[in-house]
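We count residues from 1, following the sequence as given.
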Amino acid sequence: MDHKVLCIDDETHNLEALERLLRKKYKTVTASSGAEGLETLKKHNFSLIISDQKMPEMTGVEFFMQAKDIQPDAVRVLLTGYTDLESVISAINQGQIYRYITKPWEPEEFLGIVRQAIEVFDMKGTIARQNQELQKANQELKSLDKMKSDFMVLVNHELKTPLTGIFSFVQLLNEEKLSDDQKMYIERISKNTQRLQDLINDTLLITRLQANNENLSIEEIDIYSLLEDEWKSLSPSFSGQSMSFDLTGPKPFPQLVNQKYIQIVIKKLLHNCLSHGQPNSVVKIKLVDATNHWQMKVENSSEKPIEKSVDQLLSAFSTSENILNHSGGTGLGLAVIQGILNLFGGSITISTDNQIFDIQIQLPKLEK
């Protein structure tokens with residue numbers, strides 16, 4: 001931008017000297033008194049104001065005290081004599097000047113101070129713009145946060161309520177005498193309704209995890225037994241896969257964890273393996289007890305080539321699937337696991353090689 005400089009001095013030859021020094025780089029306006037300078041400030045915007053201290057009727061300090069109210073962003077520089085240190089202190093304290101220049105000045109030194117003052121003005125402008133952008137971004141975030149809260153209320157109530165009604169009528173229909181086709185229709189309705197309910201529950205859970213405002217209780221749980229129990233509970237639903245389970249590691253494997261969330265992690269993990277695993281393959285899980293943490297290492301063969309990147313696998317609502325060819329599950333399982341692990345300072349890492357999944361879950365050893 002083009003910078004304008006206002007110079008105030010009651011000595012004509014000083015104003016002429018200042019104008020000659022500055023006019024090659026800056027548009028320079030002069031005033032012969034503080035009063036004239038104040039009127040000029042009301043009509044034009046300036047990046048830099050240079051004023052002499054000793055002037056009749058109004059000193060430089062008095063001028064700057066009023067000037068900063070008219071154009072607070074303009075940088076202020078005071079011209080003063082060697083013996084006028086008291087005025088300099090007043091200018092710094094009351095007129096809020098950037099620098100002072102003693103008379104007589106060296107032209108190169110003078111221009112260097114002016115250049116630095118202009119840089120300060122530009123920096124202040126940049127900071128002001130960034131603050132405005134930050135305030136705007138904060139307002140947008142607040143608005144988005146409210147929209148998210150309103151949406152979650154809608155999801156929790158307005159979607160769950162009709163789903164409950166659908167489940168109830170499906171159960172009533174199952175008690176009636178139905179043809180084979182009707183039974184197939186009811187089964188598909190039930191399956192897709194369950195999938196929608198799982199999606200709603202996972203969405204609400206991810207939102208709660210992001211808010212991170214829960215009080216988390218810690219208790220000792222045998223992870224080995226929990227894995228065995230969850231496999232026995234889930235695997236019958238995937239009997240067509242004929243997948244086996246290979247669990248190794250210390251037995252029992254007691255760890256201090258939050259029971260509710262570790263159960264969700266294990267259930268989501270095993271469900272992911274069963275949903276996408278290759279039929280007749282083996283889900284291998286190894287428990288490792290280290291000094292400051294414990295690990296759960298999972299190896300699983302995928303039924304189809306793995307098309308998603310690791311970032312997509314761990315990101316909620318990220319999908320690369322054809323919408324006409326949905327896979328089972330909500331697609332949020334691994335994202336939910338990562339959100340839970342983040343609560344406890346844990347981590348999940350995934351590596352893929354064609355159709356082989358290697359998942360490693362690590363959690364620090366907690367204390368009650």
Side-chain angles (χ1 to χ4, degrees), residues 1-140:
M1 64 173 292
D2 294 331
H3 293 281
K4 293 174 68 175
V5 180
L6 174 61
C7 299
I8 302 101
D9 200 312
D10 61 316
E11 297 286 345
T12 304
H13 65 276
N14 283 342
L15 287 179
E16 291 174 348
L18 289 170
E19 190 173 18
R20 283 196 300 271
L21 272 174
L22 298 172
R23 65 187 177 190
K24 288 184 179 180
K25 287 191 175 182
Y26 312 105
K27 184 175 181 180
T28 307
V29 178
T30 61
S32 58
S33 68
E36 184 182 349
L38 293 174
E39 290 301 315
T40 304
L41 286 175
K42 295 174 183 177
K43 298 175 183 177
H44 306 281
N45 292 320
F46 294 92
S47 304
L48 173 63
I49 306 170
I50 301 172
S51 176
D52 185 32
Q53 164 60 12
K54 288 191 175 180
M55 297 184 294
E57 298 180 4
M58 186 185 298
T59 66
V61 173
E62 293 168 340
F63 165 74
F64 278 139
M65 289 176 63
Q66 298 183 55
K68 66 184 175 68
D69 293 330
I70 301 173
Q71 291 193 31
D73 294 331
V75 180
R76 295 171 284 277
V77 172
L78 183 71
L79 302 177
T80 185
Y82 279 111
T83 59
D84 207 11
L85 292 180
E86 186 176 339
S87 297
V88 171
I89 294 171
S90 296
I92 293 171
N93 293 336
Q94 300 176 47
Q96 297 176 11
I97 66 165
Y98 165 66
R99 291 282 295 272
Y100 71 91
I101 300 174
T102 56
K103 299 178 182 179
W105 57 77
E106 290 291 331
E108 289 302 318
E109 181 184 1
F110 180 89
L111 289 173
I113 292 173
V114 168
R115 184 174 60 254
Q116 292 170 5
I118 295 296
E119 289 173 356
V120 168
F121 176 84
D122 286 338
M123 188 182 301
K124 288 166 65 177
T126 300
I127 292 172
R129 287 192 298 273
Q130 289 175 341
N131 284 337
Q132 288 178 350
E133 291 171 1
L134 183 60
Q135 289 175 359
K136 182 180 178 181
N138 284 335
Q139 289 299 322
E140 290 175 352

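Proximity of I50 to L22: side-chain heavy atoms (C-beta onward) are separated by under 4.5 Å at one or more points. Counting heavy atoms from C-beta on, the side chains of E16 and R20 come closer than 4.5 Å. Here the side chains of L18 and T28 are not in contact, with every heavy-atom distance at 4.5 Å or above. A 4.5 Å side-chain heavy-atom check between L6 and L41 finds at least one atom pair inside the cut-off. M55 has its side chain within reach of I8: a pair of non-hydrogen atoms, C-beta onward, lies under 4.5 Å apart.
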Legend entry - side chain to side chain contact (heavy atoms under 4.5 Å, CB included) evaluation trace for L79 with W105: CA-CA 9 Å; L79 302 177; W105 57 77; 4.1 Å; yes

Inset, instruction - Show your working on side chain to side chain contact (heavy atoms under 4.5 Å, CB included) between N45 and Q71 and close with a plain yes or no. - result: CA-CA 7 Å; N45 292 320; Q71 291 193 31; 3.9 Å; yes

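A distance of 10.0 Å separates OG1 in T126 from CZ in F121, rounded to the nearest 0.5 Å. L78 contributes atom CG, which lies 10.5 Å from atom OG1 of T102 (distance to the nearest 0.5 angstrom). Rounding to the nearest 0.5 angstrom, the gap separating the CE atom in M58 from the OG atom in S33 is 7.5 Å. Going from atom CG of D10 over to atom OG of S51 covers 9.5 Å, rounded to the nearest 0.5 Å.
One N or O on the side chain of Q53 and one on the backbone of V61 form a donor-acceptor pair closer than 3.5 Å.
For residues 24-53, the pairs satisfying salt bridge (charged side-chain N to carboxylate O under 4.0 Å, His left out) are E39-K42, D52-K103, with sequence neighbours left out.
Nearest heavy atoms, K68 versus M65: CG-O, 3.5 Å. Closest approach of F64 and V77 over heavy atoms only: CZ-O, 3.3 Å. Pairing each heavy atom of A67 with each of I49, the nearest pair is CB-CD1, 4.5 Å.
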Atom pairs and distances, donor-acceptor, side-chain atoms in residues 107-118, under 3.5 Å, two or more places apart:
from: Q116; atom 1: OE1; to: R99; atom 2: NH1; distance (Å): 3.2

